Amino acid sequence: MTRSLPPDDSPEPRRDQQPGNLTPTDRRTVVIAALCGAALGWLLMSVFVVTDSFMPVLPWSLPAILGLVAVAIWMYARQLRAKVADPHREVPPTEGLVSVALSKAVILTGAALVGACLVYMAHFVGQLSVPYPRQRVVRGGVTAVVCALLAWAGWRLESACRVPHDGDEAT
């Protein structure tokens, strides 16, 4: 008694759709990361509300540090793009893989932090006439913008990792 599987009639998957291939980060993934960040931010804010604790104010150093990281990643993306496009220079495989992993991590981290900052701002936006909540809305807004720039820098790095096709070099 032997069992046999029915023949596979499904069409052959395209090369770019096979599992395990690296693909650019799509918008749906970025939106899901932002929603997850918003959910975690809401959960953390709920803990402060339930315990009746003083909610901390975001320090100005947070957007400053994230902004420096975003600028550094953007500059590295420009350098890597020039290196990849130049046929006389070689990009080590390890550098390429690390760059792709870094870019995906930065995109998703930036998106998650944007979601968390938006929830932080939304919690206090109804109390703009009071100084402390207004301060939290301003700092949360600045941090959200910087986090969006961080995600954009990661996206630039991810696009810099793509090797141009032969037809792209002629243009």
Side-chain angles (χ1 to χ4, degrees), residues 16 21-48 54-86 89 91-165 168 171:
D16 60 343
N21 285 346
L22 283 175
T23 58
T25 306
D26 59 345
R27 291 182 185 161
R28 187 177 70 176
T29 305
V30 174
V31 169
I32 289 172
L35 290 175
C36 288
L40 286 175
W42 176 80
L43 181 66
L44 186 62
M45 302 244 336
S46 297
V47 169
F48 281 105
F54 181 75
M55 199 161 311
V57 179
L58 292 176
W60 282 115
S61 59
L62 180 62
I65 291 170
L66 291 175
L68 287 175
V69 171
V71 168
I73 289 174
W74 176 70
M75 291 173 62
Y76 177 65
R78 289 178 51 94
Q79 181 185 20
L80 184 64
R81 178 179 298 279
K83 198 173 180 181
V84 168
D86 188 0
R89 296 172 69 181
V91 178
T94 306
E95 182 181 357
L97 287 175
V98 168
S99 299
V100 168
L102 176 66
S103 68
K104 289 185 177 292
V106 168
I107 291 171
L108 297 179
T109 301
L113 289 175
V114 166
C117 288
L118 291 179
V119 168
Y120 182 79
M121 285 176 45
H123 186 76
F124 296 106
V125 79
Q127 308 164 354
L128 286 177
S129 59
V130 184
Y132 272 129
R134 182 176 46 234
Q135 184 182 25
R136 287 180 172 121
V137 169
V138 169
R139 289 184 183 192
V142 170
T143 305
V145 169
V146 170
C147 291
L149 289 174
L150 181 68
W152 176 80
W155 176 75
R156 296 297 301 167
L157 180 59
E158 186 179 71
S159 66
C161 293
R162 292 187 204 139
V163 177
H165 297 287
D168 292 346
T171 58

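Count residues from 1 along the sequence. Worth saying up front: this structure is predicted, and the values here are computed from it rather than measured.
The 12-atom threshold is exceeded at CZ of R134, counting heavy atoms of other residues, nucleotides or ligands nearer than 6.0 Å.
Here the NE2-CH2 distance, from H123 to W42, works out to 11.5 Å after rounding to the nearest 0.5 Å. Taking CZ from R136 and OH from Y132, the interatomic distance works out to 8.0 Å, rounded to the nearest 0.5 Å. Summarising the geometry, atom CE belonging to M55 is positioned 8.0 Å from atom CG belonging to L44; distances are rounded to the nearest 0.5 Å. Taking CG from L102 and CD1 from I107, the interatomic distance works out to 9.5 Å, rounded to the nearest 0.5 Å. Going from atom CG of L113 over to atom CG of L108 covers 11.0 Å, rounded to the nearest 0.5 Å. For the atom pair T143 OG1 and L118 CG, the distance stands at 10.5 Å (nearest 0.5 Å).
C161 has its side chain out of reach of V84: every pair of non-hydrogen atoms, C-beta onward, lies at least 4.5 Å apart. In this structure, W60 and V142 have side chains that are in contact, with non-hydrogen atoms separated by less than 4.5 Å. At least one side-chain heavy atom of D26 sits less than 4.5 Å from a side-chain heavy atom of T29.
Shortest non-hydrogen contact noted between Y120 and G140 is CD2-CA, 4.1 Å. Heavy atoms only, all atoms of each residue included: K83 and P92 are closest at NZ-CD, 4.4 Å. When every heavy atom of S103 is checked against every heavy atom of G154, the shortest pair comes out as CB-O, 3.3 Å. The heavy-atom pair separating L66 from C147 by the smallest distance is CD1-SG, 3.6 Å. Nearest heavy-atom pair across T109 and A105 is OG1-O, 2.7 Å. The two residues G41 and A116 come nearest to each other via the heavy atoms CA-CB, 4.4 Å.
With hydrogens and angles disregarded, a donor-acceptor distance shorter than 3.5 Å links the side chain of R139 to the backbone of L58. Although no hydrogens or angles enter the test, the distance criterion places a donor-acceptor pair under 3.5 Å between the side chain of E158 and the main chain of T25.
Taking the side chain to side chain donor-acceptor pair (under 3.5 Å) definition, one finds that R81 meets it with S159, sequence neighbours left out. Residues passing the ring pair (Phe, Tyr, Trp, His ring centres under 6.0 Å) test with Y76, sequence neighbours excluded: none. Annotation: side chain to side chain donor-acceptor pair (under 3.5 Å) contacts of D86 (sequence neighbours excluded): none.
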